[in-house]
Each structure stands twice: as C-alpha cells, then as structure tokens.
Visitor: 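I have a structure I would like to understand better, so I am pasting it below and will then ask my questions one at a time.
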Amino acid sequence: MSHTKPYIRKKAVLIMYKVFLKYPESLRPAFPRLKEKLEDPDPGVQSAAVNVICELARRNPKNYLSLAPLFFKLMTSSTNNWVLIKIIKLFGALTPLEPRLGKKLIEPLTNLIHSTSAMSLLYECVNTVIAVLISLSSGMPNHSASIQLCVQKLRILIEDSDQNLKYLGLLAMSKILRTHPKSVQAHKDLVLQCLDDKDESIRLRALDLLYGMVSKKNLVEIVKKLMSHVDKAEGTTYRDELLTKIIDICSQCNYQHVTNFQWYISVLVELTRLEGTRHGHLIAAQMLDVAIRVRAIRKFAVSQMSALLDSAHLVASSTQRSGICEVLYAAAWICGEFSEHLQEPHQTLEAMLRPKVTTLPGHIQAVYVQNVVKLYASILQQKEQAAEPEAAQDVTQLMVDRLPQFVQSADLEVQERASCILQLVKHIQKLQAKDVPVAEEVSALFAGELNPVAPKAQKKVPVPEGLDLDAWINEPPSDSESEDEKPKGIFHEEEQRHAKQQLPEADEEELARRREARKQEQANNPFYIKSSPSPQKRYQDMPGVEHIPVVQIDLSVPLKVPGMPMSDQYVKLEEERRHRQRLEKDRKKKKKKDKEKKGKPRRHGSLHTESDEDITPAQQVDIVTEEMPENALPSDEDDKDPNDPYRALDIDLDKPLADSEKLPVQKHRNVDNSKSADKEDVPVVEKKMKKPKKKEKKHREKEREEKGKEGEDLDFWLSTTPLPAAAPALEEPEVNAVITAPKEEGEEPRREEEDDDSERDPEKKSSKRKKKKHKKEKEERSKDKKKSKKKKPPSDKAAEPVENGALDEEPLPPMSSYCLLAENSYIRMTYDIQGSLQKDSQVTVSVVLENQSCSFLKNMELNVLDSLNTKLARPEGSSVHDGVPVPFQLPPGISNEAQFVFTIQSIVMAQKLKGTLSFIAKNDEGSTHEKLDFKLHFSCTSYLVTTPCYSDAFAKLLESGDLSMSSIKVDGISMSFQNLLAKICFHHHFSVVERVDSCASMYSRSIQGHHVCLLMKKGEKSVSIDGKCSDSTLLSNLLEELKATLAKC
Amino acid sequence: MIKAILIFNNHGKPRLSKFYQPYSEDTQQQIIRETFHLVSKRDENVCNFLEGGLLIGGSDNKLIYRHYATLYFVFCVDSSESELGILDLIQVFVETLDKCFENVCELDLIFHVDKVHNILAKMVMGGMVLETNMNEIVTQIDAQNKLEKSEAGLAGAPARAVSAVKNMNLPEIPRNINIGDISIKVPNLPSFK
C-alpha cells in the first residue's frame, strides 16, 4: 500500500476490502493505513480508498462517523464525479446516525445541485439531500426550501425525454413521498402522465408513487384512471400489478381514504371480470374484509354478491383458470352469513345449488355447501314467520334434491359437509311433514356473530400466570374461544357448537382467568370494532364487552341495484353525496360541532340520508400501528442474519488499538509479511475451490475432443465410401479426387500390362484395335472426369455458404485448390497437398499431369530431393535417389492424377522441395527422353485440415490461454467479406465458427494437432486478421500465407 | 458493489461473464439465462434499469444494461452504486474495448478473452470500481502490450533464427569452403529438428 507506483497502491487498497471480509480481525490494525490513503496524492488511490470505505460503511456506518470531516473536505475539494458520487452516497448512509452532520451537509449539497452539470451527480445529491431531510427533525428554517428544490429538480428529471432519468426521478420522488407527501402531491399530474408511459418499469414506479398520493378527495379519480389502465394493459403481470395496487391503494391505512364503500365494492366486483388474473383470492379477501367490518355496507354487499353468484361467467371461467373464481368463495360466504339482507334468498339458493357449481375447486364448494344451509335456515325462518309451510317444504325439497351432487364430490371436505347436511335436511323434512316448526332451531345453528380479529391477536394474548401451555388441559376451551372470533372461522361453526356445550364444565376459576385474559386482549385490540349484543352471544354477559365502542349506523336507503354494478354509477352518487355534504356543512357551520367524526353530523342531520354511509370514523382503526399487549415480545430482534459476513466487520474502529493489534509500523517488512500471509491464504482457499472445476473442464474438453474425433472418424469413413455427396460439401473436391484416383490406380496397372503388350508390337493390327478401344475408353473416362471436375466448382459455391453458416449474398467465383507446379511443351503439372488427421506426419500430394503435346508420354517417374524434414515415401527397397514411377501413361491431350505420399517431421514451416519428372515422349518420329524440373512448395496451409468447431469449444480453447497470438492487416481490399471468407476457408482449410456482420472467427487444425484460430475483421478498405495458435512459428508463417492470399484479392 | 458483469448477444449466447460473488456454475448459467429473458424483452427506448432478478441477491439489486448493436452489457449492482454512474462505466468499458481492438465486434470478446478480462480488471476489481478514466486505462493497456511484445520478441528470436536457416533448404551442407588458398573448416552443424 505504500508502493511508489500509484497503480499498485490503488490495487492494494481495493484488495484490502476482500481481506477484511475474510479476516475481520485485520480491519482494526489496517484501518489507519486505509485512512491515510484517503489523502493520497494520486486521485486513483483516493477513489479506491473511498470505494473501500464506502463499502465498509454501508454495512456498519456508525463506525465511520469519525471520518466524516475528512470526507467533507474531500467532497468540497474533489472534482472527480465518481468519487463525489461515492462520498455523497456514503454521507447518505451516515446522516441517519448523526443529524448534525445533515445540517452541515445541506448547504454544500445544494450548491452542488445548482452547479453540477452531470446528471448522475445531481441525482445522487438530490438523493442524499432527501436522506438528510428524512433524518432531520422537521421545523428547520431552510427545510422546505431544499425540499422544494429537490422536488423541482426531480420534476425536471421526470420531464426529461431520457427514460433513465425519468425512472430515477420517480424513484427519488417516492423517497420524498414517505416523509413529505404534500410536496409530491403537487406533481400528481406528472405522475399520472407517467402512468401512460410505454415503459413498464416507469409505470410501476409511478404506481408506487400513486400509492402515497391518494387522499379522500382524489381516490375515486385515481382508481378510475387505474381501472381504465387495467382494461388497456396487455401483459398479465402488469395487469396483476395494477390490480394489487388498486386494492392496496384503497385498503391502505385501514381504508382511511375510502369514503364510499358502495363504490369500493362495485370496483371490486368490476375487477372480478378480469380474465386470468392471479389475484382472485385478494379480491375475495377484500370483499370479506369489507363486508365483515363495515356493517352498513352488508346489505349492499350481499345484493352484489348474490348478483355475482347468479352470473355464470365466474363459474364458467373456473374450469380454465382457478384465479378469479376465488371470488365466489367470498360471495358465497357473504350471502350465507348475511342472508337476512338478501332480497330474493330463494333465487340465490337456487343459484348456489346449480349443478355447474361442482366444477369449482373443492374449498369453494365446501363454502357453498355450508352457506347453502345458512341460506336455507333463513329462508325457513322467513317462510314460517309468513306461515307458508308449503313454501318451506318446497325449499326443503329443493335441498334434498340438489345436495346429493355435493355428496358425490371428490373433495373430502365437501363430501363430509354435504352428507352431514343432507341428513339434517332430511330430518327437517320429516319434522316439517309433521308440521313441527323447525325454523327456530335450524337458524340457531348459525346464531352468533363473527368478529374481525387482528391476524396477530391470538399470538399476542399474554400467557396468564400459572397457565402452563405445555401441560395437558382436560377440556380445550381456549381453542373454541379463538375460533368463534376468527373472521374466517366458518369451517368451525359446527364444532363450535359442541365446544359450547363443553364450556360450562370449566370451573369458575378457569372462567375468571379467561375472562381476565379476554378483557386484556380486547382492551389492547383495536379491532373490536363492533359487537352487537345478540342474544345468542356467549360473551354478551361478560364484563368488559360494554367497553367496546359500538357504532350503530342505520341505513335507510334501498340499495338494490339490478344486474352488474358499475362503479361509475357510484362515483356519481358519491359526487352528489359530497356536494350535498358540502352544502350541509355550510349549514352546520353555524352550529359549532365536533366535525372530526363525520358520522355525527349525519346522524343529527335528517336532510341527507340517501346513500350516505360515511362510516370512516368507525374505520379509523389503524392496522399498521396495531397495539401490542404489554408483555408481547418484540419479534424483530432476529432480523439480522448471524451468518452475514458483513456483520463480522461491525468493529468499533474508534477504540484505541490494543498492543497486540498494533502493527509495528516502523518495520515495513513485518507489515508486508503479515499482509502477504493474509493474501496468500486467500488464494489457497480459492485455488482449492477452483481445482475441481478445472478438472471438470478438462474432462469435458476431453469428452468433447473425443466426440470431435468421432466426428472426424465419421467424416473419414464417409469419405472412403463411394458416396462423396454424403461428405461435407467443402471437402468434396479433395474427397472426390481421392476416391477417383485409387480406382484408376487399381485399374490402370492391368490396362498398362495390356498396353505394354500392344506397345511391344505396335504393328500388330489386332492389338491396335484394342488400343484404340482403350484410348476411346480412356478418353471417355477422362472426359467424364473433366466434366465432373467442371461440375464440382458450382456445387462448391452452393454448398459452401451453407457450411459456413452464412447467407448467400452473392455468387462466389469458382475456386480450385490446384496450383501450377511446372509446365513445358509436353506436360503440365498441377498439384494439391492434403493432410489427414489420422496420419500426423504424412501429407498426400496429388499431382495432375496433363499431356499438352501430341506425343504419347510414358515411363513417367517422379523424383524429389529429400530434405531432412520432408521425405518422399518410396516403394520398399528403393534408394533415396530412385524416383517413384507414375502408375499410368498419358496419350495426347489426356490428363490424370497421381498421388505421392510425403513424410514430414516438423510442420511449423513452409518448405520447398526440388524435384524432377522424367518421362519418355513418343511420337511418330520416335521417342525422346525428357525431364521437367519443378519445385514442390509445402505451404503451412497444406498441413491444415478443415475441422468443424463449435463455438463453445472454440471459446473454451481461447479461454485456456495457451495459444500464442499474432496479427496482420492488409489494406486496399475491395472484395466482399463473404467472398473473402469463402476464399480463405477454401484455400487455407479453415471452417467458420461464427460470423457476425463483417467479422468472423475461424478454426482449423494441423495434422499434428495444432489448433489454429483466426479472427477476421473487415473495415472500410482493409482486412485485419488476428490469429492464435499453439505454435507461434506456425502461426506467423500461416499469417504470411494468408496475407499473400489476401493481397491478391 | 458490482455483483456481476454479463455480456451476451441478441440470441442470449453468453460472450463474457464475470461474477464477483461465488456462484456455482449452474447458478451462473441460470442467472445469465434469466437476465437475458428479462433484458431481451425490453424495447430500445425504455429505461436501462431493471429491478433485480431473483437469482442475484434479491431486492437490493438492480440490473443496469446497455444494448450495443448485437450485444447486451449487463451490470448487476447493489444499491451502493449510482445507476447513472454505472451507465457511464459501461460506456467507458465499451469505448475502451473499441480503442483496444479497433472496430470492436462481438467475436473479439471471444477471441481476445484474455485481453477483455484484462481491461475489465483494470476497471473493476473485486466488484469495486478501480478506474473510470478511459485514457488512464488505455495507457495502462498499451504499456502492458508493449511489455508483452518485447517479451515475445525475446522469446521468439531464436525460433525465428532457426526457421530462417531452415528455410534456406540447403540440400547439403558444404563441409569445406575453399577460397583460393584459404581453407576454412566448417564445424558440423547440429541437425535441426
């Protein structure tokens, strides 16, 4: 860390962070050094130190408060935006701990906000100012000014056309919103505008903001807007998000913004019409919640719910998606529970007993069954009171008829309930037949009200003294107690009855204790909103119930709305209501009244009655700030993960260093030693972890290689079969040559013998005929061959682009890999060299000999002067100076191909071999002995074998890093990239791995297994080729050859 | 802190991935896949930030990405990094790449893996930003290249000499060279293999 080069220093500083993470003990001794680096002359080292301290401080900011002055200095002096951002972020983390710091910060920060041109810095400043302001206690003089500044700057951000800024602006807005909702609410228009944005993340951010912006006044408007978005939204995720947001917005803070619950219910009902939402259960929960807790709305809710039950679309949709049919769960329960509010209970009963219902999920059916009985009970009651025994019997009959469909249900719960109830109804039927009034008893089944209880209430009941929860209690009454309080405890209705019978057994003491507990719970529980004194209620006579505030709200308006409700309708109603309310308020101004509770003026005022059920006072119970019983345990203690590695860094740095911890500062070596020891330890661990991976990789590579070999084998196999078409198209020309040559070689000797015979006695007429025949045959054959050769290039053209995986942009010029070896008046030699991966030190030279004269060429013999490296493979027993006979003769104008095998030791360099072809030219005048000298050029390219390579394997190969690299560049190339690529692939035996626009990577392999990778890029007029190869000499020679090829283009 | 840097092409083929937190190889693959699905769905003209994928770290994290021609550059960072700052950093990274490999292209990342990682290591170390100044990075890289070249030159020199001799392709090495009266004995040259 005290190296002279800043580059080393800055790397060392950064490494310290990782060391701290691994060895938290090292933080204390090393910290002073780190602190020093904050004032390093090199800005890079400074920023590295800032980086490290920011990371550290993010975890445990309080330990770094002492550095604040230093940072403050840096902030005011530094010009590097990156460092500034980091420092400002750090201050953002520090301010919540030290409010005084915030005061000091505001001024320079606002200065920065005004002065900076960098948006990133501006944004971070605003962010930190917000953090500062949040931490500050309100009431500071310049407080509102800076908030205004922030909001104003954010508005600029949001209005910016750059989506990124817009997003960040909204993000920062939402932070302000938490503490200063009023200042943000002014920008509602902007937020609503963002809601129309096409970017989903921006819309989501805007939604978040909306959540905080709603008030009683604008709730309806906002939700209406959201509803229209719900209709428009395409993506299900976004639509679901909207849906949850609507519900969140409405239900936040215990429905404090909802003034009209009719409207809310109708919104919920409207939401049920959404296709394929996942949040059916959410809507259902809301419906239940509202219906239970808002007593006045029940009648309306019930009418809506019965309409829902009646409408078939929910049941129909249940078969496809189980999402929305959850709503039926709520609807059925509400209709059953509050059946006394039903207008036409009979109709609803029938709706609930429709056979289609059996397609619903089990738990919903169960609720159906249970609530059918409740409904039935209330109908019975009605009928008996109206003295219509026939009607009552009809209903019973209906029940008996329809219930069996539930008895057959696959769901156990449904089956059990249905069979139970079926028997009950049958029993009732018998009693009815005897004209016994049963309604009273039946409805007694469902007597009792369900009270909403906070979800945590049960947990919070303190354990009374002397009550050992683990000990066995004879009767379990405490269970039933809680059950009849649970809002959704509908499943337990039956059991509850039995429990009640047991209850009296509880001894006096126990009862008293329970009563005590209950009193305490109710006192602490803000959810005891209402508890109407119903005669069946068990705790009615208990002391303490009287303390519960009861708000009785009378509703004088008939609320039945035919068909499906439209929330808009209620919006209008609501507006009317508000208007009236305003008028009324004006009127009431004269009377000085307590207007905090809006319910009161209404109760007194007789003028407005219609649809006014402003029950907010009753609802202003706050779920969030729910009170806990005094002795309830705070449960948030174990939030911190003990395994958190950063926790270990929670070290008090201000403590003076203990002697044992102090670093011997003077002895630099010691420090270095200890550090290097630390550093060494870390890599060891890492190495250990890495090792198995490497092995895996190697293994995989091996596998891949094997696969590759298999593939090659396959290719080889294919190439030796007489079906050249099956071989890869690129190899076709070579392959064909190989195939045709051996055939000829095999046949030719025989023919030669014959020819020889005929030649010995050329005057023999009979043999002449033969010869002619042969000649003709040969001619035909060679013509065929020529034809086939001519045919090949076009097939190359067509096949190559496919092989190369590139689009065929333009026709490629025909290409031949054969090049001229030597030529004289008699003969023309062209040759091509191929290697194969199977023989790592052999190449085959195919020489095409073409007779250009009118004489007959025979006794051809090819000889080369071997070098140390390259030798011609001669037949056994012949010496180094003997030539290899060409196994055929050439009549005038005929060409044929002969193959010679060369053995090579090193392939990294190109080689030239001098050679001679000797032959006897025979014509009518006689025969002459002729010689043709040539130079056989073994280019490096000729040692390469076209090998396909997958891009993954290619990447792995390059990653391995043991290839040497070199590059060339050729200017002035006008050929299209496509052609260039094809040319290089063809002439230099490469295969394209990947191609992107005018850039391609290629691969090839030498016969000795060298990997050669190329990257070719085409610029305006130039082509650059980067190559990587296992052998640097081979690569540089190859690149020279490539360069030569490219230069010709 | 930067959690991970991912580069993949329009088809989701990973071109470079660097994780600054330990993940198993499978998880890494999964992260890349998930990130690609998140990022590729987005239009060109929407903002470059994404609330973090589920796999890396959770809600504290953001994906910050830029799309260049055929490649997506995705940085996964936590809340301690400035969003716009990271965007600038991506820009610096890409420009540096472009300077180091003229006319940078997708395949460069594969072909010059080592160099790309080297450049990245100059900018980001252990998840923390080391250097944001492009010129500084480029000079460092250049210096390193020079050093490498000189080393390669030294190492390659003997090989080149040998190849030059071999290329002469002398059929026979003359044992005696006679110039007038002076006869010089040429020592046996070792055979080159």
Side-chain angles (χ1 to χ4, degrees), chain A residues 7 10-11 14-15 17-18 44 47-48 51-52 54-55 58 81-82 85 89 119-120 123-124 163-164 166-168 198-202 689 693 865 867-869 905-906 908-912 914 951 954-955 958-959 961 964 994 996-997 999-1001 1013 1015 1017 1019 1024 1026 1028 1032-1033 1037, chain B residues 1 9 13-15 22 25 42-43 45-51 64 69-70 78-89 101-103 105-108 110-115 125-133 136 140 152 155-156 159-160 162-163 166-167 169-171 191-193:
Chain A
Y7 178 71
K10 108 183 143 183
K11 286 216 154 187
L14 275 194
I15 280 174
Y17 176 65
K18 292 278 165 185
S47 86
N51 253 334
V52 171
C54 283
E55 273 311 313
R58 217 161 62 87
N81 274 350
W82 186 266
I85 288 174
K89 278 224 166 220
M119 275 302 183
S120 48
Y123 170 69
E124 291 307 333
Q163 300 282 339
N164 293 332
K166 198 175 262 189
Y167 175 85
L168 291 177
K198 52 186 176 305
D199 188 349
E200 198 172 299
S201 6
I202 287 181
M689 283 165 69
K693 272 188 194 168
L865 214 51
S867 73
L868 288 169
N869 193 28
Q905 284 181 332
S906 160
V908 295
M909 278 175 301
Q911 289 220 319
K912 275 182 185 159
K914 275 184 190 167
S951 58
F954 188 72
L958 289 162
E959 239 171 58
S964 54
E994 266 179 292
V996 178
D997 296 333
C999 182
S1001 52
C1013 307
L1015 179 70
K1017 276 196 279 186
S1024 65
D1026 293 339
K1028 282 192 177 182
S1032 59
T1033 322
N1037 288 325
Chain B
M1 204 176 129
N9 70 4
K13 197 170 180 51
R15 292 305 188 182
E25 204 154 314
R42 300 171 61 84
D43 286 340
N45 50 0
V46 301
C47 74
N48 296 344
F49 315 116
L50 261 175
E51 301 291 311
I64 299 173
T70 57
D78 66 13
S79 61
S80 73
E81 300 292 341
S82 149
E83 290 89 346
L84 293 172
I86 293 290
L87 270 187
D88 286 347
L89 189 71
F101 322 108
E102 50 192 279
N103 189 14
C105 130
E106 186 181 334
L107 298 175
D108 277 313
I110 294 288
F111 200 77
H112 300 292
V113 186
D114 43 350
K115 282 191 178 174
M125 207 175 94
M128 282 172 292
V129 178
L130 185 64
E131 183 61 67
T132 50
N133 185 347
E136 183 73 18
Q140 277 172 19
R160 253 177 278 151
V162 170
S163 75
K166 273 194 183 175
N167 264 344
N169 194 21
L170 298 171
S191 59
F192 307 107
K193 286 198 175 178

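Lettering of chains follows the sequences in order, A, B, ..., and the numbering in each one begins at 1.
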Visitor: Counting N and O atoms only, with roles assigned by atom type, does the side chain of Glu959(A) sit under 3.5 Å from a partner on the main chain of Val113(B), one being a donor and the other an acceptor?
Guide: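 Such a contact is absent between Glu959(A) side chain and Val113(B) backbone.
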Visitor: Whether Lys115(B) and Asp1026(A) form a salt bridge (side-chain N of Lys/Arg under 4.0 Å from carboxylate O of Asp/Glu) is what I want to check.
Guide: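 Looking at Asp1026(A) and Lys115(B), the cut-off is not met.
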Visitor: Do Met125(B) and Asn51(A) have side-chain heavy atoms sitting under 4.5 Å apart?
Guide: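 They are not in side-chain contact.
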Visitor: For the NZ atom of Lys1017(A) and the CG atom of Leu107(B), what is their distance to the nearest 0.5 Å?
Guide: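 Those atoms lie 9.0 Å apart.
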Visitor: Determine the minimum heavy-atom distance between Ile110(B) and Leu958(A), stating which atoms define it.
Guide: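 Scanning both residues, the minimum pair turns out to be O-CD1, 3.3 Å.
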Visitor: Less than 4.5 Å to any heavy atom of chain A: does that hold for the side chain of Ile64(B), its backbone, both, or neither?
Guide: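 Neither part.
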Visitor: So which of Asp114(B), Thr132(B), Leu89(B), Asp88(B) has the biggest tally of heavy-atom pairs under 4.5 Å with chain A?
Guide: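 Max contact count across the listed options: Thr132(B).
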Visitor: What distance separates Tyr7(A) OH from Leu130(B) CG, expressed to the nearest 0.5 Å?
Guide: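 One finds 7.0 Å between OH of Tyr7(A) and CG of Leu130(B).
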Visitor: Examine whether an atom of Ile85(A) lies under 4.5 Å from a heavy atom of chain B, and if so say whether it belongs to the side chain, the backbone or both; otherwise answer neither.
Guide: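 Just its side chain gets close to chain B.
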Visitor: How long is the straight-line distance from SG of Cys999(A) back to CZ of Phe111(B), given to the nearest 0.5 Å?
Guide: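 Between Phe111(B) CZ and Cys999(A) SG, I get 10.0 Å after rounding to 0.5 Å.
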Visitor: Let's test your reading of the structure: which of Ser1024(A), Cys1013(A), Ala48(A) forms the most heavy-atom pairs below 4.5 Å with chain B?
Guide: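 Among Ser1024(A), Cys1013(A), Ala48(A), the one with the most close pairs to chain B is Cys1013(A).
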Visitor: Heavy-atom cut-off 4.5 Å, strictly under: side chain, backbone, both or neither for Cys54(A) against chain B?
Guide: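 It is neither, since no heavy atom gets under 4.5 Å.
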Visitor: Please flag which part of Gln140(B) lies under 4.5 Å from any non-hydrogen atom of chain A: side chain, backbone, both or neither.
Guide: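 Contact with chain A involves the side chain of Gln140(B) alone.
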Visitor: Ser1001(A) versus chain B, heavy atoms under 4.5 Å apart: side chain, backbone, both or neither?
Guide: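 Both backbone and side chain.
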Visitor: Using non-hydrogen atoms only, which part of Asp108(B) is less than 4.5 Å away from chain A: side chain, backbone, both, or neither?
Guide: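 Both parts, heavy atoms under 4.5 Å.
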Visitor: Please flag which part of Thr70(B) lies under 4.5 Å from any non-hydrogen atom of chain A: side chain, backbone, both or neither.
Guide: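 For Thr70(B), side-chain heavy atoms alone lie under 4.5 Å from chain A.
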Visitor: Check the pair Glu994(A) / Lys13(B) against salt bridge (charged side-chain N to carboxylate O under 4.0 Å, His left out), numbers first and verdict last.
Guide: CA-CA 12 Å; Glu994(A) 266 179 292; Lys13(B) 197 170 180 51; 5.1 Å; no
Visitor: Checking heavy atoms, do the side chain of Asn48(B), its backbone, both or neither come under 4.5 Å from chain A?
Guide: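 Both backbone and side chain.
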Visitor: Heavy-atom distances under 4.5 Å only: say whether Glu106(B) touches chain A with side chain, backbone, both or neither.
Guide: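 It is the side chain, since no backbone atom gets that close.
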Visitor: Do you know which two heavy atoms are closest between Met1(B) and Glu55(A), and how far apart they sit?
Guide: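 For Met1(B) versus Glu55(A), the nearest heavy atoms are N-OE2, 3.1 Å.
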Visitor: Among Asp78(B), Asn133(B), Val129(B), which has the most heavy-atom pairs under 4.5 Å with chain A?
Guide: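 Between Asp78(B), Asn133(B), Val129(B), the count favours Val129(B).
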Visitor: Pick one of side chain, backbone, both or neither for Lys89(A), based on which atoms fall under 4.5 Å of a heavy atom in chain B.
Guide: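 Side chain only.
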